[in-house]
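Proteins get letters first, then strands, A, B, ... in listed order; numbering begins at 1 in each.
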Protein chains: 2
Amino acid sequence: MSQTGALRETRQRVVLLDELRRTKSHPTADELYQLVKRRLPRISLATVYRNLELLSRRGIIRKLDLGGGQRRFDADNTSHHHVRCIRCGRVDDVAGELPISVEQAFSDKHGYQITGYRLELVGVCPQCQSE
Amino acid sequence: MSQTGALRETRQRVVLLDELRRTKSHPTADELYQLVKRRLPRISLATVYRNLELLSRRGIIRKLDLGGGQRRFDADNTSHHHVRCIRCGRVDDVAGELPISVEQAFSDKHGYQITGYRLELVGVCPQCQSE
DNA sequence: GTAATTGCAAAAATTTTGCAGCATT
DNA sequence: AATGCTGCAAAATTTTTGCAATTAC
């Protein structure tokens, strides 16, 4: 896999990104594969994996590990976090940032040089609440 | 797999829990399997998986999905979060809580009834910093 | 004795990789 | 033309499952 060269605009990559961006959810590699396949029937799952890996390494998309075994992907790079429903497993976005410095809050608790953080809220989604 | 019956104190389960509790890190199922195997050479990996699943469903241990593909497990149920090194993948604990109400900070951003949150700091661990 | 649990082996599920040919720049 | 990318197939990894035998209660 290329580490330094320029990214090319292949049909596969363009369609993949387009599908990922038009999806509000956070699809797994296979879900994305199914979506893209409708437009490019000959695409292979390996290409989907390779592109997701490449794109997330370049910071163009985000790779999520939200629980549940499979990884999920997210084209939204704006600052946001996630809420996960403990009942149905659904994952939604939460806009915004914490009003304090997370780095500072834990600065003396470890020797790490903190570069960022991921916040996952856990709760019950509206749908599951009304059941 | 049993859903309702009482848990039995099998040697496998006891040793598994003991090893998990005496480990400061957050081992994967396979790492735990290797540890337990030294004391119970005939244990099978399937038993490790089954017990980890069962114990986390009962809330006795925690199943983590911290990124990196494999799931990790944690016997510590006290309130703490995690830091992950982006270089080597190592995961450490971070004691404490945020000094603000996370629920409130995002209260108007979603319809969820928030029950908790998981925070994952990302950065470079001391060892990798000195390289 | 009964029901939970185990080991083994096989299967399922998910992700990665080698390679020859193709496509974007 | 050069090199990044793709499809395919095979391999590697991780997790789950069926089943007969065993074990804790």
Looking at [X] and [Y], what are the two nearest heavy atoms and their distance?
X        : Y        : answer
Ser56(B) : Glu53(B) : OG-O, 3.1 Å
Arg13(B) : Leu54(B) : NH2-CD2, 3.4 Å
Val48(A) : Ala29(A) : CG1-O, 3.6 Å
Arg21(B) : Ile60(B) : NH2-CG2, 4.0 Å

Handout entry: All salt bridge (charged side-chain N to carboxylate O under 4.0 Å, His left out) counterparts of Arg39(B), not counting sequence neighbours
Key =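 If we apply the salt bridge (charged side-chain N to carboxylate O under 4.0 Å, His left out) test to Arg39(B), skipping adjacent residues, the hits are Asp18(B), Glu19(B).
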Exercise for the section: Heavy atoms under 4.0 Å is the rule here; annotate nucleotides 18-25 of chain D 5' to 3' with B where the base is hit, S where only the sugar-phosphate is, and - elsewhere. Expected result: B----BBS
Rounded off to whole Å, could you give me the [atom1]-to-[atom2] distance for the [X] and [N] pair?
X        : N       : atom1 : atom2 : result
Leu54(B) : dT15(D) : CG    : P     : 17 Å
Arg58(B) : dA4(C)  : CZ    : C1'   : 10 Å
Arg42(A) : dG21(C) : CZ    : P     : 16 Å
Arg57(B) : dT5(C)  : CZ    : C1'   : 15 Å
Asn51(B) : dT16(D) : CG    : C1'   : 14 Å
Tyr49(A) : dT13(D) : OH    : C1'   : 11 Å

Handout entry: Shared hydrophobic cluster, Leu7(A) / Val36(A) (ILVMFWY, side-chain heavy atoms < 4.5 Å)
Key =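 As far as the 4.5 Å side-chain criterion goes, Val36(A) and Leu7(A) are connected within one cluster.
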Exercise for the section: Identify, residue by residue, the members of residues 32-40 of chain A with a heavy atom below 4.0 Å from DNA chain C, and return them in order of residue number, or none. Expected result: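 Of all residues in residues 32-40 of chain A, none places a heavy atom under 4.0 Å from DNA chain C.
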Practice task
Using side-chain hydrogen bond (donor to acceptor under 3.5 Å, both in side chains) as the criterion, list what pairs up with Arg42(A), not counting sequence neighbours.
Solution key: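 With sequence neighbours excluded, Arg42(A) shows a side-chain hydrogen bond (donor to acceptor under 3.5 Å, both in side chains) to no residue whatsoever.
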Handout entry: side-chain hydrogen bond (donor to acceptor under 3.5 Å, both in side chains) partners of Ser44(B), counting only residues at least two apart
Key =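 Here the qualifying residues are Thr47(B).
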Problem - Heavy-atom neighbours of Glu9(B) CD exceed 12 at 6.0 Å - result: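 No, because the 6.0 Å sphere around CD of Glu9(B) holds 12 heavy atoms or fewer from other groups.
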Handout entry: Candidates Leu17(B), Leu32(B), Thr28(B) - the one meeting side chain to side chain contact (heavy atoms under 4.5 Å, CB included) with Leu52(B)
Key =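 Per the side chain to side chain contact (heavy atoms under 4.5 Å, CB included) rule, the option paired with Leu52(B) is Leu32(B), out of Leu17(B), Leu32(B), Thr28(B).
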Handout entry: Distance test, side-chain N/O of Thr47(A) to OP1/OP2 of dG7(D), below 4.0 Å
Key =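 For dG7(D), OP1 or OP2 has a side-chain N or O of Thr47(A) closer than 4.0 Å.
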Exercise for the section: May I ask you to evaluate whether Gln12(A) reaches the phosphate of dA23(C), defined as a side-chain N or O under 4.0 Å from OP1 or OP2? Expected result: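 Checking Gln12(A) against dA23(C): no side-chain N or O falls below 4.0 Å of OP1 or OP2.
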Handout entry: With sequence neighbours excluded, residues passing ring pair (Phe, Tyr, Trp, His ring centres under 6.0 Å) with Tyr117(A)
Key =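 For Tyr117(A) the ring pair (Phe, Tyr, Trp, His ring centres under 6.0 Å) partners, ignoring immediate neighbours, are His81(A).
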Exercise for the section: Using heavy atoms to find the nearest nucleotide of DNA chain D for Arg13(A) and Leu45(B) separately, return the residue whose nucleotide is more 5′. Expected result: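 That would be Arg13(A).
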Problem - Net bend of the helix from dG1(C)-dC25(D) to dT25(C)-dA1(D), end axes of five pairs each, nearest 10 degrees - result: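 Terminal axis comparison yields 40°.
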